[in-house]
Participant: 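There's a structure below that I have some questions on.
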Amino acid sequence: MKGTYNEERIEALKAKLGEMLKTRRFYYSKNLKETASILEELAERLEAKEAESYIKAEAYGLYAVNHIQAHFSERVSIEDLASQIGISRGYLTRLVKDITGMSPKQYLINVRMVAAADYLKEGAMSIGEIAEACGYEDPLALSKAFRRHYGISPTEYRTGSSQDTV
């Protein structure tokens, strides 16, 4: 049963530790084994919790990245996303940055810009349609963001003057 932690086992550990503390018998040799076993149990529990915590953090970060990728065309609020996951905005920022190298907001903009560039390459949609498809309120907002991101306007990009650099 080593490695599994049920309530009964935890209560038994607490009782043992409480008894030892009450009688102050930590220093007697007959209790060294008992003390060692309690410490080993506590160390295993801590390791299991740390592993669980790491796995949860990875899952939260991946969920956020996937959510941004899947919903970039919608209004994505980082605060709402953090709340939806059940973590703080700061923690979400750290997790996304660990995975992507960017803050969630930067990552969202990057995903939108890559999509906009792809739509522009295809040439089938107007700038207004691309703006809407990429989560921008209007063509001007997309144009400003595109120029800030790539250094050229969407129209310049579409005409091919700098498609190689993007």
Participant: Which atoms form the tightest heavy-atom contact between Ala116 and Leu142, and what is the distance?
Facilitator: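 Answer, listing the atom of Ala116 first, then Leu142: CB-CD1, 4.0 Å.
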Participant: Would you indicate whether the side-chain heavy atoms of Ser153 and Arg147 approach each other to under 4.5 Å?
Facilitator: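 Result yes, sub-4.5 Å side-chain heavy-atom pair found.
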Participant: If I take atom CD from residue Glu132 and atom OG from residue Ser126, how far apart are they, to the nearest 0.5 angstrom?
Facilitator: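 Reported value, rounded in 0.5 Å steps: 9.0 Å.
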Participant: Could you measure the distance from the CD atom of Gln106 to the CD1 atom of Ile78? Nearest 0.5 Å is fine.
Facilitator: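 Gln106 CD to Ile78 CD1: 10.5 Å, rounded to 0.5 Å.
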Participant: Taking side chain as C-beta onward, heavy atoms only, is Thr155 less than 4.5 Å from Leu120?
Facilitator: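 A side-chain contact is absent here, since even the closest heavy-atom pair is not under 4.5 Å.
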Participant: How long is the straight-line distance from CD1 of Ile152 back to OG1 of Thr159, given to the nearest 0.5 Å?
Facilitator: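 Rounded to the nearest 0.5 Å, the OG1-CD1 separation comes out at 7.5 Å.
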Participant: Minimum heavy-atom separation for Tyr157 and Ala117, please, with both atom names.
Facilitator: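 For Tyr157 versus Ala117, the nearest heavy atoms are CE2-O, 3.4 Å.
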Participant: Hey, what's the ring geometry for Tyr91 with Tyr60, parallel, tilted or perpendicular (30° and 60° as the breaks)?
Facilitator: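 Perpendicular: the ring planes of Tyr91 and Tyr60 meet at over 60°.
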Participant: Enter the distance from Leu95:CG to Lys97:NZ here, rounded to the nearest 0.5 Å.
Facilitator: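 Here the rounded value is 12.5 Å.
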Participant: To the nearest 0.5 angstrom, please state how far the OG atom of Ser143 sits from the CZ atom of Arg148.
Facilitator: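 Reported value, rounded in 0.5 Å steps: 11.0 Å.
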Participant: Looking only at heavy atoms, what is the nearest atom pair of Phe146 and Met113, with distance?
Facilitator: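 Closest heavy-atom pair between Phe146 and Met113: CA-SD, 3.4 Å.
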Participant: Taking all non-hydrogen atoms of both residues, which atom of Gly128 and which atom of Pro139 are closest, and how far apart?
Facilitator: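 Looks like CA-CG, 3.6 Å.
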Participant: Going through the checks in order, is the side-chain contact (heavy atoms from CB on, under 4.5 Å) test met by Leu81 and Tyr63?
Facilitator: CA-CA 10 Å; Leu81 180 56; Tyr63 176 86; 4.1 Å; yes
Participant: Gln84 and His67: side-chain contact (heavy atoms from CB on, under 4.5 Å), yes or no, with the steps?
Facilitator: CA-CA 11 Å; Gln84 179 183 342; His67 181 85; 4.1 Å; yes
Participant: Which heavy atom of Ile85 sits nearest a heavy atom of Ala64, and at what distance?
Facilitator: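 Looks like CD1-CB, 4.0 Å.
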Participant: Taking all heavy atoms of Val76 and all of His71, pick out the closest pair and write down the distance.
Facilitator: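 Answer, listing the atom of Val76 first, then His71: CG2-O, 3.1 Å.
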Participant: Would you confirm whether Ser83, through its side chain, and Glu79, through its main-chain N or O, come within 3.5 Å as a donor-acceptor pair?
Facilitator: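 Not a single qualifying donor-acceptor pair exists.
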Participant: Looking at Asn110, Val111, Ile109, Val114, which hits side chain to side chain contact (heavy atoms under 4.5 Å, CB included) with Phe72?
Facilitator: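 Only match with Phe72 under side chain to side chain contact (heavy atoms under 4.5 Å, CB included): Val111.
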Participant: What is the distance from atom CD1 of Ile87 to atom CG of Leu92, rounded to the nearest 0.5 Å?
Facilitator: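 Those atoms lie 4.5 Å apart.
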Participant: Inspect the surroundings of CD in Glu137 and state if more than 12 heavy atoms from other residues, nucleotides or ligands are less than 6.0 Å away.
Facilitator: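 Counting other residues, nucleotides and ligands, CD of Glu137 stays at 12 neighbours or fewer.
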